[in-house]
Amino acid sequence: FSGSLVEQNKDLAVMFVDNHDTQVGKEQAMYSIDQWFKLPAYASILTREGKACVFYGDFYGTQTITDGYPGNCKAIKNQLEPLLYARKNYAYGEQVDYFNNSDYVGWVRKGDSAHEGSGLATLIADNNYGGSITMNVGREHAGEVWYDMTGDVKETVTIDNNGNGTFS
C-alpha cells in the first residue's frame, strides 16, 4: 500500500481484487490473480481504510455467457460474507499496520465511539506453517476476547490490559 493512491488519497481510490476484464474465460481478459490468493486479497481491501469493491463473479460465481463471453468464476460468497460483515460492523477507527515480518502482515482498526463494539485485527500469512504477531488494538479493548470470524483459527485471543493481543 506504500506509495499507492490508497495511501495518498483513500477517498479517490477504489480497491478491487478482480473484475469483468480479468474474468477467467474471456478471450481478451487481463491476468487474474490465482484463486488461492483471492481471500487474502479481499481481506486486505475489506478490512483496511478506503473504498472497496467486490466483484459480482467472485461473490455469486458465473457459469453463463456475460457480454458475449463465457464466464468461469468460482463463487466464494460464503467466505466473503464474514469479511463483509466485519467491514460493516467492526472496520472503524485508527488503522495501524504491522508490516515488519516477511512471512506475515497484519493491521488493526482500533474502533471508534460512533460504532459500538468496533475494532478488528487482520493477519495474513504467506505460508501454512503457523506463527503469530502481537498487535495493539487499543486499551479500550482490554479484557475482551476476540475470535477469528473466518473460522480459520479456532483459538481465541484475550486482549491484555495494554490493549495487546497475539494473533495467529
Side-chain angles (χ1 to χ4, degrees), residues 1-19 33-56 58-59 74-168:
F1 295 99
S2 181
S4 69
L5 180 60
V6 173
E7 179 188 53
Q8 300 299 317
N9 193 334
K10 64 182 173 279
D11 293 330
L12 294 179
V14 177
M15 302 175 286
F16 67 94
V17 172
D18 225 340
N19 67 40
I33 65 171
D34 291 337
Q35 190 68 33
W36 71 267
F37 191 66
K38 283 194 177 187
L39 287 174
Y42 273 114
S44 296
I45 70 169
L46 292 173
T47 62
R48 294 183 63 79
E49 294 176 322
K51 296 176 183 170
C53 180
V54 174
F55 176 46
Y56 178 97
D58 287 337
F59 196 76
K74 179 182 175 189
I76 54 175
K77 177 182 180 201
N78 292 340
Q79 293 92 343
L80 287 173
E81 284 178 333
L83 296 172
L84 291 165
Y85 184 86
R87 180 176 182 85
K88 179 179 179 182
N89 294 287
Y90 304 114
Y92 299 98
E94 179 187 359
Q95 177 177 291
V96 179
D97 293 332
Y98 291 82
F99 289 173
N100 52 351
N101 186 303
S102 61
D103 292 319
Y104 305 97
V105 295
W107 53 90
V108 299
R109 300 289 300 277
K110 293 192 173 186
D112 63 24
S113 59
H115 301 90
E116 186 177 338
S118 63
L120 61 77
T122 302
L123 176 64
I124 299 174
D126 69 354
N127 62 49
N128 292 321
Y129 303 117
S132 60
I133 296 179
T134 299
M135 298 188 284
N136 186 284
V137 298
R139 287 182 181 218
E140 60 275 12
H141 296 289
E144 293 179 358
V145 177
W146 288 27
Y147 67 96
D148 181 356
M149 294 185 69
T150 68
D152 290 339
V153 177
K154 303 301 180 210
E155 297 82 21
T156 59
V157 175
T158 301
I159 308 303
D160 71 17
N161 290 337
N162 293 316
N164 295 313
T166 301
F167 299 89
S168 300

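The structure presented is a predicted model; accordingly, all values stated were derived computationally and were not measured. Only heavy atoms go into these numbers, but all of them, side chains included; no hydrogens, no water, no symmetry mates. Index from 1, following the sequence.
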Exercise. Answer with yes or no whether the side chains of Thr47 and Trp107 bring together a donor and an acceptor at under 3.5 Å.
Key: yes

Quiz item: Does Asp160 offer a backbone N or O that forms a donor-acceptor pair with the side chain of Asn164 under 3.5 Å?
Solution: no

Self-check item: Inter-residue atom distance Leu83.CG - Glu81.CD, 0.5 Å rounding
Solution: 10.5 Å

Quiz item: More than 12 non-hydrogen atoms from neighbouring residues, nucleotides or ligands closer than 6.0 Å to CD on Glu116, yes or no?
Solution: no

Practice problem: State the OG1-CD1 distance between Thr166 and Ile159, to the nearest 0.5 angstrom. | Solution: 8.5 Å

Practice problem: Check whether any side-chain heavy atom of Val145 sits under 4.5 Å from a side-chain heavy atom of Val157, and report yes or no. | Solution: no

Quiz item: Which pair of non-hydrogen atoms, one from Val137 and one from Ala121, has the smallest distance, and what is that distance?
Solution: CG1-CB, 4.4 Å

Quiz item: Distance from Phe59 atom CZ to Leu80 atom CG, nearest 0.5 Å?
Solution: 6.5 Å

Quiz prompt | Nearest heavy-atom neighbours spanning Val108 and Met135 | solution = CG1-CB, 3.8 Å

Practice problem: Measure from the side-chain N and O atoms of Arg109 to the backbone N and O of Arg87, and report whether any donor-acceptor pair falls under 3.5 Å. | Solution: no

Quiz item: Looking at Ala86 and Leu120, what are the two nearest heavy atoms and their distance?
Solution: O-CD2, 4.0 Å

Quiz item: Are any non-hydrogen side-chain atoms of Asn89 and Ser118 less than 4.5 angstrom apart?
Solution: no

Quiz prompt | Smallest separation among heavy atoms of Pro40 and Ile124, with atom names | solution = O-CD1, 3.3 Å

Quiz item: Does some side-chain heavy atom of Phe167 sit less than 4.5 Å from a side-chain heavy atom of Thr122?
Solution: no

Self-check item: Least distance between heavy atoms, Leu46 atom then Ala91 atom
Solution: O-CB, 4.4 Å

Quiz item: In Å, rounded to the nearest 0.5 Å, how long is the span from CG of Asp148 to OG1 of Thr150?
Solution: 3.0 Å

Quiz item: Can you tell me if Lys51 uses its side chain to pair, donor with acceptor, with the backbone of Asp11 under 3.5 Å?
Solution: yes

Exercise. Tell me, with the steps shown, if Ile76 and Tyr42 meet side chain to side chain contact (heavy atoms under 4.5 Å, CB included).
Key: CA-CA 11 Å; Ile76 54 175; Tyr42 273 114; 4.2 Å; yes

Quiz item: Mind checking whether Tyr92 and His115 have parallel, tilted or perpendicular rings, split at 30° and 60°?
Solution: parallel

Exercise. Return yes if some donor-acceptor pair links the side-chain N/O of His141 with the main-chain N/O of Lys110 below 3.5 Å, else return no.
Key: yes

Quiz item: Do the non-hydrogen side-chain atoms of Gln35 and Phe37 ever get within less than 4.5 Å of each other?
Solution: no

Exercise. Please report the closest heavy-atom contact between Ser168 and Leu123, naming both atoms and the distance.
Key: C-CD2, 3.3 Å

Practice problem: Would you confirm whether Asn136, through its side chain, and Asn162, through its main-chain N or O, come within 3.5 Å as a donor-acceptor pair? | Solution: yes

Quiz item: Does Lys10 reach the main-chain N or O of Glu7 with its side chain, forming a donor-acceptor pair under 3.5 Å?
Solution: no

Practice problem: Determine whether more than 12 heavy atoms belonging to other residues, nucleotides or ligands lie under 6.0 Å from atom OH of Tyr85. | Solution: no

Exercise. Please assess Val6 against Glu49 for the test side chain to side chain contact (heavy atoms under 4.5 Å, CB included), listing each intermediate value before the final yes or no.
Key: CA-CA 8 Å; Val6 173; Glu49 294 176 322; over 6 Å; no

Quiz item: Would Asp58 and Lys77 pass as an ion pair if we require N to O under 4.0 Å?
Solution: no

